[in-house]
Amino acid sequence: MIKILFVCLGNICRSPMAEFVMKDLVEKENLASEFYIASAATSSEEIGNPVHHGTRNKLKEFGISTAGKCAVQLKKKDYENYDYILGMEQRNIAGIMRIVGSDPNKKIKRLLDYSPNPRDIADPWFTGDFEVTYNDVKEGCQAFLDAILKAEGFK
Ligand code: 4NP
C-alpha cells in the first residue's frame, strides 16, 4: 500500500483537489486498492469545513466528487504514516516542516517537483482562478503517478 498525503494551507482548495484528482487517476489505472490517499492543512483555520465550492465545481466538470471530505490539520505522527507528503507551494513545505520537525526519509516535496517544470501551485483562495490551479494539480498528479509507478515497480 502506497500512502500519499497532499498538504496545503487550508485543506479546502488545492490539497483536496489533488487528493480527488489522484484518486481518480489511480482508479482509471485499476490501482485504487494499492493506494491510500488523503489531504491535510498546515493551518487550523478551516478545520471541519467542507471543500471550497470553487474546487467542488471544477472537479464536477470532470465527474469527480469530493463528498464527505472535511478539512483536517496535519499532525506530527502523519510523518510516520505516509510514504509521500506533498505540499502545493514552498510556503507549505515550511509549514509541514514546522509540524513534523524533520524529513529524514525525504518524503516531503512540492507536487510540481515531479513535473519537468518544477514550481509552486497558486492558491485559488487568493487568486480566484480554479482553472489554472486545476491544470497545475492535474499536471502534478499525472507526473507524480508516472514517477511512483516506476519507483514502486508497477511499470
Ligand atoms: P488552500 O486555500 O490552502 O488551497 O486550501 C486556502 C484556504 C483557506 C485559507 C487560506 C488558503 N484561509 O486563510 O482560511
Side-chain angles (χ1 to χ4, degrees), residues 2-28 32 35-103 106-148:
I2 301 164
K3 287 172 268 172
I4 303 162
L5 186 66
F6 295 103
V7 179
C8 63
L9 183 59
N11 193 215
I12 58 169
C13 298
R14 293 165 297 174
S15 61
M17 186 183 278
E19 173 187 340
F20 289 97
V21 164
M22 194 71 189
K23 284 176 171 168
D24 187 60
L25 288 177
V26 302
E27 270 162 30
K28 286 175 174 150
F35 287 84
Y36 181 81
I37 302 168
S39 63
T42 57
S43 88
S44 58
E45 206 72 40
E46 302 284 349
I47 291 174
N49 288 343
V51 176
H52 191 285
H53 57 86
T55 288
R56 283 210 310 268
N57 290 341
K58 179 49 71 183
L59 294 187
K60 207 193 285 177
E61 289 177 27
F62 303 97
I64 299 173
S65 166
T66 65
K69 171 62 186 171
C70 293
V72 295
Q73 192 173 21
L74 178 68
K75 297 183 287 299
K76 190 173 170 65
K77 73 171 167 45
D78 287 328
Y79 189 81
E80 308 306 325
N81 294 339
Y82 288 91
D83 303 306
Y84 298 89
I85 299 174
L86 301 180
M88 301 295 119
E89 60 180 315
Q90 203 55 46
R91 194 160 78 117
N92 301 146
I93 305 300
I96 294 166
M97 288 302 294
R98 254 198 319 277
I99 293 170
V100 305
S102 65
D103 183 20
K106 300 279 172 273
K107 297 177 176 184
I108 301 171
K109 289 195 168 58
R110 285 181 309 183
L111 178 56
L112 280 173
D113 285 340
Y114 287 91
S115 124
N117 178 18
R119 60 196 191 276
D120 285 347
I121 297 178
D123 191 341
W125 170 264
F126 298 108
T127 66
D129 194 336
F130 285 83
E131 172 83 15
V132 164
T133 293
Y134 172 78
N135 290 338
D136 284 351
V137 164
K138 182 71 192 290
E139 176 185 334
C141 286
Q142 189 62 64
F144 173 54
L145 180 60
D146 292 345
I148 53 177

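Remember, it's 1-based here, ligands and their atoms both numbered in the order they're listed.
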Closest contact, heavy atoms only, [X] versus [Y]:
X    : Y    : value
A122 : T127 : CB-CG2, 4.1 Å
Q142 : L25  : OE1-CD2, 3.4 Å
R110 : Q90  : CD-OE1, 3.6 Å

Listing by chain and number, which residues have a heavy atom under 4.0 Å from ligand 1? C8, L9, G10, N11, I12, C13, R14, E45, E46, D123, W125

Is K107 close enough and on-axis enough to Y79, meaning under 6.0 Å and within 45°, for cation-pi? yes

Indicate whether any N or O donor in one side chain lies under 3.5 Å from an N or O acceptor in the other, for S39 and N11. yes

Hey, are N135 and E139 close enough side-chain-wise for a donor-acceptor pair under 3.5 Å? no

